[in-house]
2 protein chains.
Amino acid sequence: MARVGLTTERLVRAGADLADEVGFDQVTVSALARRFDVKVASLYSHVKNSQDLKTKIALLALEELADRAADALAGRAGKDALTAFANVYRDYAREHPGRYAAAQFRLDPEAAAASAGGRHAQMTRAILRGYDLTEPDQTHAVRLLGSVFHGYVSLELGGSFSHSAPGTQETWSRILDALDATLRNWPAP
Amino acid sequence: MARVGLTTERLVRAGADLADEVGFDQVTVSALARRFDVKVASLYSHVKNSQDLKTKIALLALEELADRAADALAGRAGKDALTAFANVYRDYAREHPGRYAAAQFRLDPEAAAASAGGRHAQMTRAILRGYDLTEPDQTHAVRLLGSVFHGYVSLELGGSFSHSAPGTQETWSRILDALDATLRNWPAP
DNA sequence: TCATTTGCCTAAGGGCTTTAGGTAGATGCA
DNA sequence: TGCATCTACCTAAAGCCCTTAGGCAAATGA
(Lines give C-alpha, C1' and ligand atoms only; values in the text may rest on other atoms or scores of the structure.)
Protein backbone atom coordinates (compact mmCIF):
# COMPACT_ATOMS: atom_id res chain seq x y z
CA MET A 1 0.00 0.00 0.00
CA ALA A 2 2.44 2.63 -1.10
CA ARG A 3 1.22 6.06 -0.17
CA VAL A 4 0.84 8.40 -3.07
CA GLY A 5 0.82 11.65 -1.13
CA LEU A 6 -2.59 13.01 -1.95
CA THR A 7 -3.45 16.49 -0.82
CA THR A 8 -6.41 18.73 -1.58
CA GLU A 9 -4.03 21.02 -3.42
CA ARG A 10 -2.69 18.28 -5.68
CA LEU A 11 -6.16 16.92 -6.34
CA VAL A 12 -7.53 20.29 -7.35
CA ARG A 13 -4.60 21.00 -9.61
CA ALA A 14 -4.86 17.58 -11.25
CA GLY A 15 -8.62 18.10 -11.56
CA ALA A 16 -8.00 21.35 -13.41
CA ASP A 17 -5.55 19.62 -15.75
CA LEU A 18 -8.05 16.86 -16.32
CA ALA A 19 -10.70 19.46 -17.15
CA ASP A 20 -8.41 20.98 -19.76
CA GLU A 21 -7.88 17.57 -21.31
CA VAL A 22 -11.38 16.09 -21.33
CA GLY A 23 -13.73 18.93 -20.44
CA PHE A 24 -14.88 20.29 -17.12
CA ASP A 25 -18.03 18.23 -16.93
CA GLN A 26 -16.08 15.03 -17.48
CA VAL A 27 -14.18 15.79 -14.30
CA THR A 28 -15.30 13.17 -11.86
CA VAL A 29 -14.08 11.87 -8.55
CA SER A 30 -13.61 8.47 -10.17
CA ALA A 31 -11.57 9.80 -13.07
CA LEU A 32 -9.37 11.72 -10.68
CA ALA A 33 -8.82 8.60 -8.55
CA ARG A 34 -7.82 6.67 -11.67
CA ARG A 35 -5.33 9.39 -12.53
CA PHE A 36 -3.61 8.93 -9.15
CA ASP A 37 -3.99 5.15 -9.37
CA VAL A 38 -5.86 5.14 -6.12
CA LYS A 39 -9.28 3.89 -5.01
CA VAL A 40 -12.15 6.34 -5.28
CA ALA A 41 -12.97 6.41 -1.58
CA SER A 42 -9.48 7.69 -0.81
CA LEU A 43 -10.27 11.07 -2.29
CA TYR A 44 -13.03 11.70 0.19
CA SER A 45 -10.54 12.49 2.93
CA HIS A 46 -9.30 15.45 0.93
CA VAL A 47 -12.44 16.68 -0.77
CA LYS A 48 -15.96 16.75 0.66
CA ASN A 49 -17.70 15.53 -2.46
CA SER A 50 -17.94 16.03 -6.19
CA GLN A 51 -19.49 19.47 -5.88
CA ASP A 52 -16.75 20.55 -3.49
CA LEU A 53 -14.09 19.35 -5.93
CA LYS A 54 -15.63 21.31 -8.79
CA THR A 55 -16.00 24.40 -6.65
CA LYS A 56 -12.33 24.26 -5.72
CA ILE A 57 -11.31 23.90 -9.36
CA ALA A 58 -13.49 26.89 -10.19
CA LEU A 59 -11.85 28.95 -7.45
CA LEU A 60 -8.40 27.99 -8.73
CA ALA A 61 -9.32 29.06 -12.26
CA LEU A 62 -10.74 32.38 -11.07
CA GLU A 63 -7.54 33.07 -9.12
CA GLU A 64 -5.26 32.19 -12.01
CA LEU A 65 -7.30 34.35 -14.33
CA ALA A 66 -7.25 37.28 -11.91
CA ASP A 67 -3.49 36.92 -11.45
CA ARG A 68 -2.89 36.99 -15.17
CA ALA A 69 -5.19 39.97 -15.58
CA ALA A 70 -3.43 41.87 -12.82
CA ASP A 71 -0.08 41.22 -14.49
CA ALA A 72 -1.39 42.34 -17.85
CA LEU A 73 -2.89 45.52 -16.44
CA ALA A 74 0.25 46.68 -14.66
CA GLY A 75 1.52 49.86 -16.27
CA ARG A 76 -1.18 50.09 -18.89
CA ALA A 77 -4.10 52.44 -19.39
CA GLY A 78 -6.79 53.28 -21.91
CA LYS A 79 -7.18 51.11 -24.95
CA ASP A 80 -3.87 49.45 -24.20
CA ALA A 81 -5.25 48.22 -20.89
CA LEU A 82 -8.54 47.22 -22.46
CA THR A 83 -6.83 45.10 -25.09
CA ALA A 84 -4.42 43.47 -22.68
CA PHE A 85 -7.20 42.60 -20.28
CA ALA A 86 -9.43 41.19 -22.99
CA ASN A 87 -6.59 39.10 -24.38
CA VAL A 88 -5.97 37.57 -20.98
CA TYR A 89 -9.48 36.12 -21.00
CA ARG A 90 -9.34 34.93 -24.56
CA ASP A 91 -5.88 33.42 -24.26
CA TYR A 92 -6.65 31.74 -20.98
CA ALA A 93 -9.78 30.17 -22.45
CA ARG A 94 -7.85 28.88 -25.45
CA GLU A 95 -4.95 27.53 -23.41
CA HIS A 96 -7.16 26.15 -20.65
CA PRO A 97 -10.65 25.46 -21.94
CA GLY A 98 -11.52 23.21 -19.01
CA ARG A 99 -10.35 25.74 -16.44
CA TYR A 100 -12.25 28.47 -18.27
CA ALA A 101 -15.41 26.37 -18.17
CA ALA A 102 -14.76 25.80 -14.48
CA ALA A 103 -14.58 29.53 -13.90
CA GLN A 104 -18.18 29.65 -15.13
CA PHE A 105 -19.31 27.06 -12.59
CA ARG A 106 -22.22 28.34 -10.50
CA LEU A 107 -20.78 28.93 -7.04
CA ASP A 108 -22.84 28.95 -3.89
CA PRO A 109 -22.90 32.39 -2.21
CA GLU A 110 -20.26 31.50 0.35
CA ALA A 111 -17.76 30.27 -2.24
CA ALA A 112 -18.60 33.20 -4.50
CA ALA A 113 -17.78 35.63 -1.70
CA ALA A 114 -14.42 33.95 -1.09
CA SER A 115 -13.61 33.85 -4.80
CA ALA A 116 -11.52 36.13 -6.96
CA GLY A 117 -14.76 37.41 -8.52
CA GLY A 118 -14.36 40.71 -6.72
CA ARG A 119 -10.87 41.22 -8.12
CA HIS A 120 -12.21 40.77 -11.64
CA ALA A 121 -14.86 43.42 -11.10
CA GLN A 122 -12.30 45.77 -9.57
CA MET A 123 -9.92 45.39 -12.48
CA THR A 124 -12.66 46.01 -15.00
CA ARG A 125 -13.48 49.24 -13.16
CA ALA A 126 -9.80 50.14 -13.19
CA ILE A 127 -9.73 49.92 -16.98
CA LEU A 128 -12.64 52.31 -17.18
CA ARG A 129 -10.61 54.94 -15.35
CA GLY A 130 -9.01 55.56 -18.72
CA TYR A 131 -12.41 56.60 -20.05
CA ASP A 132 -14.62 59.38 -18.81
CA LEU A 133 -17.48 57.51 -17.21
CA THR A 134 -19.26 58.28 -13.96
CA GLU A 135 -21.83 56.18 -12.14
CA PRO A 136 -24.14 54.66 -13.11
CA ASP A 137 -22.65 54.55 -16.59
CA GLN A 138 -19.52 52.97 -15.23
CA THR A 139 -21.49 50.00 -13.94
CA HIS A 140 -23.29 49.67 -17.24
CA ALA A 141 -19.93 49.67 -18.99
CA VAL A 142 -18.50 47.06 -16.60
CA ARG A 143 -21.40 44.83 -17.47
CA LEU A 144 -20.98 45.45 -21.17
CA LEU A 145 -17.32 44.49 -21.04
CA GLY A 146 -18.09 41.36 -19.05
CA SER A 147 -20.79 40.40 -21.54
CA VAL A 148 -18.66 40.91 -24.62
CA PHE A 149 -15.59 39.14 -23.28
CA HIS A 150 -17.47 36.20 -21.86
CA GLY A 151 -19.84 35.98 -24.79
CA TYR A 152 -17.16 36.16 -27.45
CA VAL A 153 -14.84 33.73 -25.72
CA SER A 154 -17.49 31.13 -25.08
CA LEU A 155 -18.91 31.32 -28.59
CA GLU A 156 -15.46 31.08 -30.14
CA LEU A 157 -14.57 28.18 -27.86
CA GLY A 158 -17.84 26.47 -28.73
CA GLY A 159 -16.93 26.69 -32.40
CA SER A 160 -19.70 29.09 -33.39
CA PHE A 161 -17.27 31.21 -35.39
CA SER A 162 -15.15 28.48 -36.84
CA HIS A 163 -17.06 27.74 -40.02
CA SER A 164 -17.09 31.11 -41.68
CA ALA A 165 -14.58 33.62 -42.96
CA PRO A 166 -12.99 35.95 -41.93
CA GLY A 167 -10.71 34.61 -39.21
CA THR A 168 -11.53 35.15 -35.59
CA GLN A 169 -8.39 37.13 -34.81
CA GLU A 170 -9.50 39.83 -37.20
CA THR A 171 -12.99 39.93 -35.65
CA TRP A 172 -11.52 40.08 -32.17
CA SER A 173 -9.40 43.12 -33.04
CA ARG A 174 -12.31 44.90 -34.64
CA ILE A 175 -14.55 44.18 -31.66
CA LEU A 176 -11.95 45.68 -29.34
CA ASP A 177 -11.73 48.72 -31.62
CA ALA A 178 -15.49 49.06 -31.48
CA LEU A 179 -15.56 48.69 -27.69
CA ASP A 180 -12.87 51.31 -27.29
CA ALA A 181 -14.81 53.71 -29.49
CA THR A 182 -18.00 53.03 -27.56
CA LEU A 183 -16.34 53.72 -24.23
CA ARG A 184 -14.72 56.93 -25.46
CA ASN A 185 -18.05 58.10 -26.75
CA TRP A 186 -20.57 56.60 -24.37
CA PRO A 187 -24.05 57.62 -25.54
CA ALA A 188 -26.31 59.68 -23.26
CA PRO A 189 -29.59 57.97 -22.30
CA MET B 1 -49.96 -2.38 -18.37
CA ALA B 2 -51.79 0.69 -19.53
CA ARG B 3 -50.05 2.40 -22.43
CA VAL B 4 -49.16 5.97 -21.77
CA GLY B 5 -48.71 7.06 -25.35
CA LEU B 6 -45.04 7.99 -25.42
CA THR B 7 -43.68 9.62 -28.54
CA THR B 8 -40.36 11.23 -29.26
CA GLU B 9 -42.19 14.52 -29.61
CA ARG B 10 -43.83 14.30 -26.19
CA LEU B 11 -40.60 13.18 -24.56
CA VAL B 12 -38.62 16.04 -25.98
CA ARG B 13 -41.25 18.58 -25.00
CA ALA B 14 -41.45 17.18 -21.48
CA GLY B 15 -37.66 17.12 -21.33
CA ALA B 16 -37.60 20.80 -22.21
CA ASP B 17 -40.15 21.57 -19.49
CA LEU B 18 -38.11 19.54 -17.04
CA ALA B 19 -35.02 21.52 -18.02
CA ASP B 20 -36.84 24.76 -17.25
CA GLU B 21 -37.84 23.43 -13.86
CA VAL B 22 -34.66 21.80 -12.61
CA GLY B 23 -31.92 22.85 -15.01
CA PHE B 24 -30.77 21.37 -18.29
CA ASP B 25 -28.03 19.23 -16.83
CA GLN B 26 -30.47 17.65 -14.40
CA VAL B 27 -32.41 16.37 -17.40
CA THR B 28 -31.92 12.66 -17.35
CA VAL B 29 -33.56 9.69 -18.99
CA SER B 30 -34.50 8.42 -15.53
CA ALA B 31 -36.10 11.67 -14.43
CA LEU B 32 -38.08 11.81 -17.64
CA ALA B 33 -39.29 8.23 -17.16
CA ARG B 34 -40.41 9.11 -13.63
CA ARG B 35 -42.33 12.07 -15.00
CA PHE B 36 -44.31 9.76 -17.29
CA ASP B 37 -44.59 7.11 -14.59
CA VAL B 38 -42.94 4.61 -16.84
CA LYS B 39 -39.87 2.40 -16.57
CA VAL B 40 -36.61 3.84 -17.83
CA ALA B 41 -36.03 1.25 -20.54
CA SER B 42 -39.30 2.25 -22.20
CA LEU B 43 -37.84 5.55 -23.32
CA TYR B 44 -35.17 3.86 -25.38
CA SER B 45 -37.66 3.00 -28.12
CA HIS B 46 -38.22 6.71 -28.72
CA VAL B 47 -34.82 8.17 -28.04
CA LYS B 48 -31.43 6.66 -28.90
CA ASN B 49 -29.75 7.61 -25.64
CA SER B 50 -29.19 10.44 -23.24
CA GLN B 51 -27.10 12.44 -25.69
CA ASP B 52 -29.77 12.07 -28.36
CA LEU B 53 -32.43 13.31 -25.95
CA LYS B 54 -30.40 16.37 -25.06
CA THR B 55 -29.65 17.09 -28.69
CA LYS B 56 -33.35 16.97 -29.54
CA ILE B 57 -34.17 19.34 -26.68
CA ALA B 58 -31.47 21.69 -27.93
CA LEU B 59 -32.90 21.60 -31.45
CA LEU B 60 -36.37 22.34 -30.10
CA ALA B 61 -35.07 25.34 -28.15
CA LEU B 62 -33.19 26.68 -31.16
CA GLU B 63 -36.35 26.40 -33.29
CA GLU B 64 -38.53 28.10 -30.71
CA LEU B 65 -36.03 30.89 -30.33
CA ALA B 66 -35.75 31.37 -34.08
CA ASP B 67 -39.53 31.43 -34.43
CA ARG B 68 -39.87 34.09 -31.79
CA ALA B 69 -37.08 36.11 -33.33
CA ALA B 70 -38.68 35.92 -36.77
CA ASP B 71 -41.96 37.13 -35.32
CA ALA B 72 -40.27 39.99 -33.52
CA LEU B 73 -38.35 41.07 -36.58
CA ALA B 74 -41.35 41.23 -38.89
CA GLY B 75 -41.97 44.80 -39.95
CA ARG B 76 -39.12 46.28 -37.96
CA ALA B 77 -35.83 47.83 -39.00
CA GLY B 78 -32.87 49.69 -37.55
CA LYS B 79 -32.66 50.10 -33.82
CA ASP B 80 -36.24 48.97 -33.46
CA ALA B 81 -35.31 45.60 -34.97
CA LEU B 82 -32.12 45.40 -32.94
CA THR B 83 -33.98 45.93 -29.68
CA ALA B 84 -36.80 43.55 -30.52
CA PHE B 85 -34.35 40.83 -31.52
CA ALA B 86 -32.24 41.28 -28.42
CA ASN B 87 -35.29 41.19 -26.18
CA VAL B 88 -36.37 37.91 -27.69
CA TYR B 89 -33.16 36.28 -26.48
CA ARG B 90 -33.27 37.85 -23.05
CA ASP B 91 -36.94 37.14 -22.48
CA TYR B 92 -36.68 33.59 -23.71
CA ALA B 93 -33.78 32.93 -21.37
CA ARG B 94 -35.69 34.35 -18.42
CA GLU B 95 -38.91 32.49 -19.19
CA HIS B 96 -37.16 29.27 -20.16
CA PRO B 97 -33.73 29.06 -18.52
CA GLY B 98 -33.46 25.33 -19.10
CA ARG B 99 -34.35 25.61 -22.78
CA TYR B 100 -31.90 28.49 -23.14
CA ALA B 101 -29.16 26.37 -21.59
CA ALA B 102 -30.14 23.57 -23.96
CA ALA B 103 -29.71 25.91 -26.92
CA GLN B 104 -26.06 26.21 -25.82
CA PHE B 105 -25.56 22.45 -25.89
CA ARG B 106 -22.63 21.46 -28.07
CA LEU B 107 -24.17 19.79 -31.14
CA ASP B 108 -22.33 17.34 -33.32
CA PRO B 109 -21.80 18.67 -36.87
CA GLU B 110 -24.71 16.75 -38.33
CA ALA B 111 -27.21 18.03 -35.77
CA ALA B 112 -25.76 21.52 -36.03
CA ALA B 113 -26.33 21.52 -39.76
CA ALA B 114 -29.95 20.48 -39.30
CA SER B 115 -30.53 23.03 -36.57
CA ALA B 116 -32.06 26.49 -36.67
CA GLY B 117 -28.57 27.92 -36.17
CA GLY B 118 -28.52 29.14 -39.73
CA ARG B 119 -31.78 31.04 -39.28
CA HIS B 120 -30.30 32.85 -36.31
CA ALA B 121 -27.29 33.95 -38.31
CA GLN B 122 -29.50 35.04 -41.21
CA MET B 123 -31.72 37.12 -38.97
CA THR B 124 -28.76 38.81 -37.34
CA ARG B 125 -27.54 39.75 -40.79
CA ALA B 126 -31.01 41.04 -41.64
CA ILE B 127 -30.87 43.43 -38.70
CA LEU B 128 -27.59 44.79 -39.98
CA ARG B 129 -29.27 45.79 -43.24
CA GLY B 130 -30.51 48.77 -41.27
CA TYR B 131 -26.93 49.85 -40.78
CA ASP B 132 -24.37 50.65 -43.41
CA LEU B 133 -21.97 47.75 -43.15
CA THR B 134 -20.30 45.80 -45.92
CA GLU B 135 -18.25 42.65 -45.68
CA PRO B 136 -16.15 41.81 -43.78
CA ASP B 137 -17.42 44.35 -41.26
CA GLN B 138 -20.85 42.81 -41.41
CA THR B 139 -19.49 39.49 -40.23
CA HIS B 140 -17.55 41.17 -37.44
CA ALA B 141 -20.76 42.90 -36.39
CA VAL B 142 -22.75 39.66 -36.49
CA ARG B 143 -20.21 38.15 -34.15
CA LEU B 144 -20.28 41.19 -31.86
CA LEU B 145 -24.05 41.01 -31.56
CA GLY B 146 -23.94 37.29 -30.84
CA SER B 147 -21.29 37.84 -28.20
CA VAL B 148 -23.10 40.63 -26.42
CA PHE B 149 -26.49 38.97 -26.42
CA HIS B 150 -25.24 35.59 -25.36
CA GLY B 151 -22.74 37.01 -22.89
CA TYR B 152 -25.18 39.38 -21.23
CA VAL B 153 -27.98 36.86 -21.02
CA SER B 154 -25.86 34.11 -19.56
CA LEU B 155 -24.19 36.38 -17.03
CA GLU B 156 -27.54 37.82 -15.95
CA LEU B 157 -29.04 34.34 -15.72
CA GLY B 158 -26.05 33.18 -13.70
CA GLY B 159 -26.67 35.95 -11.22
CA SER B 160 -23.48 37.88 -11.94
CA PHE B 161 -25.37 41.17 -12.04
CA SER B 162 -27.83 40.54 -9.29
CA HIS B 163 -25.87 41.82 -6.33
CA SER B 164 -25.16 45.36 -7.36
CA ALA B 165 -27.13 48.47 -8.26
CA PRO B 166 -28.36 49.70 -10.71
CA GLY B 167 -31.03 47.29 -11.97
CA THR B 168 -30.34 45.09 -14.94
CA GLN B 169 -33.17 46.51 -17.05
CA GLU B 170 -31.46 49.89 -17.04
CA THR B 171 -28.13 48.32 -18.02
CA TRP B 172 -29.76 46.31 -20.77
CA SER B 173 -31.28 49.46 -22.34
CA ARG B 174 -28.01 51.31 -22.17
CA ILE B 175 -26.13 48.42 -23.72
CA LEU B 176 -28.59 48.36 -26.61
CA ASP B 177 -28.14 52.14 -27.01
CA ALA B 178 -24.41 51.64 -27.09
CA LEU B 179 -24.64 48.82 -29.62
CA ASP B 180 -26.87 50.87 -31.86
CA ALA B 181 -24.42 53.76 -31.74
CA THR B 182 -21.53 51.43 -32.48
CA LEU B 183 -23.26 49.97 -35.51
CA ARG B 184 -24.23 53.38 -36.87
CA ASN B 185 -20.68 54.53 -36.47
CA TRP B 186 -18.60 51.42 -37.08
CA PRO B 187 -14.93 52.36 -36.69
CA ALA B 188 -12.53 51.93 -39.61
CA PRO B 189 -9.65 49.49 -38.94
C1' DT C 1 -61.11 -13.67 -35.18
C1' DC C 2 -56.49 -14.34 -35.48
C1' DA C 3 -51.73 -12.74 -36.91
C1' DT C 4 -48.71 -9.17 -36.55
C1' DT C 5 -46.86 -5.17 -34.86
C1' DT C 6 -45.26 -2.49 -31.16
C1' DG C 7 -45.37 -0.21 -26.62
C1' DC C 8 -43.91 -0.96 -22.20
C1' DC C 9 -41.86 -4.34 -18.96
C1' DT C 10 -38.28 -7.34 -16.36
C1' DA C 11 -33.57 -8.53 -15.93
C1' DA C 12 -28.92 -7.60 -15.85
C1' DG C 13 -24.23 -5.44 -16.45
C1' DG C 14 -21.47 -1.46 -15.76
C1' DG C 15 -20.25 3.30 -14.04
C1' DC C 16 -20.19 7.24 -10.65
C1' DT C 17 -21.11 8.90 -5.68
C1' DT C 18 -20.93 8.57 -0.99
C1' DT C 19 -20.53 6.54 3.73
C1' DA C 20 -18.73 3.21 7.32
C1' DG C 21 -15.31 0.87 9.11
C1' DG C 22 -10.52 -1.62 8.72
C1' DT C 23 -5.27 -1.98 8.12
C1' DA C 24 -0.68 -0.80 7.46
C1' DG C 25 2.76 2.73 6.87
C1' DA C 26 4.39 7.20 8.85
C1' DT C 27 5.23 10.01 12.90
C1' DG C 28 6.70 11.20 17.39
C1' DC C 29 7.86 10.50 22.06
C1' DA C 30 10.40 8.06 25.70
C1' DT D 1 15.43 2.19 19.22
C1' DG D 2 10.77 0.63 20.45
C1' DC D 3 6.14 1.50 20.99
C1' DA D 4 1.81 4.14 20.60
C1' DT D 5 -0.75 6.91 17.85
C1' DC D 6 -2.20 8.90 13.77
C1' DT D 7 -3.69 8.93 9.22
C1' DA D 8 -3.52 7.74 4.38
C1' DC D 9 -5.49 4.58 1.69
C1' DC D 10 -8.32 0.35 1.41
C1' DT D 11 -12.58 -2.94 1.22
C1' DA D 12 -17.47 -3.26 1.37
C1' DA D 13 -21.87 -1.84 0.39
C1' DA D 14 -25.96 0.91 -0.92
C1' DG D 15 -28.08 4.07 -4.16
C1' DC D 16 -28.75 6.16 -8.56
C1' DC D 17 -28.05 6.64 -13.70
C1' DC D 18 -27.27 4.52 -18.52
C1' DT D 19 -27.93 1.03 -21.78
C1' DT D 20 -29.00 -3.46 -24.00
C1' DA D 21 -31.54 -7.94 -24.54
C1' DG D 22 -35.42 -10.31 -24.58
C1' DG D 23 -40.60 -11.02 -23.19
C1' DC D 24 -45.66 -10.18 -22.86
C1' DA D 25 -49.84 -7.96 -23.81
C1' DA D 26 -52.42 -4.27 -26.03
C1' DA D 27 -53.43 -2.28 -30.39
C1' DT D 28 -53.96 -2.85 -35.37
C1' DG D 29 -55.68 -4.70 -39.46
C1' DA D 30 -56.77 -8.42 -42.64
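Below, each value reflects all heavy atoms present in this structure, side chains not excepted, and no hydrogens, waters or symmetry copies. Throughout, a chain's letter reflects where its sequence line sits, starting with A, and its residues are numbered from 1.
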> Counting side-chain heavy atoms from CB outward, which of C:dC9, D:dT7, D:dA27 is closest to B:V38?
Replying inline: C:dC9
> Of all the nucleotides listed (D:dC17, C:dT17, D:dC9), which has the minimum atom distance to the side chain of A:S30?
Replying inline: C:dT17
>> Looking at A:R3, I'd like to know whether one of its side-chain N or O atoms comes within less than 4.0 Å of OP1 or OP2 on C:dA24.
In response: no
Under 3.5 Å, is there a donor on one side chain and an acceptor on the other for [X] and [Y]?
X	Y	answer
B:S164	A:R143	yes
A:H140	B:T171	yes
A:T134	A:Q138	no

>> For A:R125 and A:R129: C-alpha separation, side-chain torsions, deciding distance, then whether side chain to side chain contact (heavy atoms under 4.5 Å, CB included) applies.
In response: CA-CA 7 Å; A:R125 282 208 137 70; A:R129 276 202 280 277; 5.6 Å; no
Given atom [atom1] of [X] and atom [atom2] of [N], what is their separation to the nearest angstrom?
X	N	atom1	atom2	answer
B:K39	D:dA21	NZ	C1'	18 Å
A:D25	C:dT17	CG	P	13 Å
A:Q26	C:dG15	CD	C1'	13 Å

> Contacts to DNA chain D from residues 5-17 of chain A, heavy-atom cutoff under 4.0 Å, which residues?
Replying inline: A:G5, A:L6
>> Please give me every residue in residues 41-61 of chain B whose heavy atoms get under 4.0 Å of an atom in DNA chain D, ordered by residue number.
In response: B:A41, B:Y44, B:N49, B:S50
>> Within the 4.0 Å heavy-atom criterion, would you say A:V40 contacts the bases, only the backbone, or no part of the nucleic acid?
In response: base
Under 3.5 Å, which donor-acceptor pairs link side chains of residues 112-121 of chain A to any protein atom two or more places apart or in another chain?
from, atom 1, to, atom 2, distance (Å)
A:S115, OG, A:A112, O, 2.7
A:S115, OG, A:G117, N, 3.0
A:R119, NH1, A:E63, OE1, 3.2
A:R119, NH1, A:D67, OD1, 3.1
A:R119, NH2, A:D67, OD1, 2.9
A:H120, ND1, A:Y89, OH, 2.5
A:H120, NE2, A:L62, O, 3.1

>> Starting from B:Y92, can I reach B:V12 by hopping between I/L/V/M/F/W/Y residues whose side chains sit under 4.5 Å apart?
In response: no
> For the side-chain contact (heavy atoms from CB on, under 4.5 Å) test, which of B:H150, B:E64, B:E95 pairs with B:Y100?
Replying inline: B:H150
> Which heavy-atom pair separates B:N49 from B:D52 by the least distance, and what is that distance?
Replying inline: OD1-N, 2.9 Å
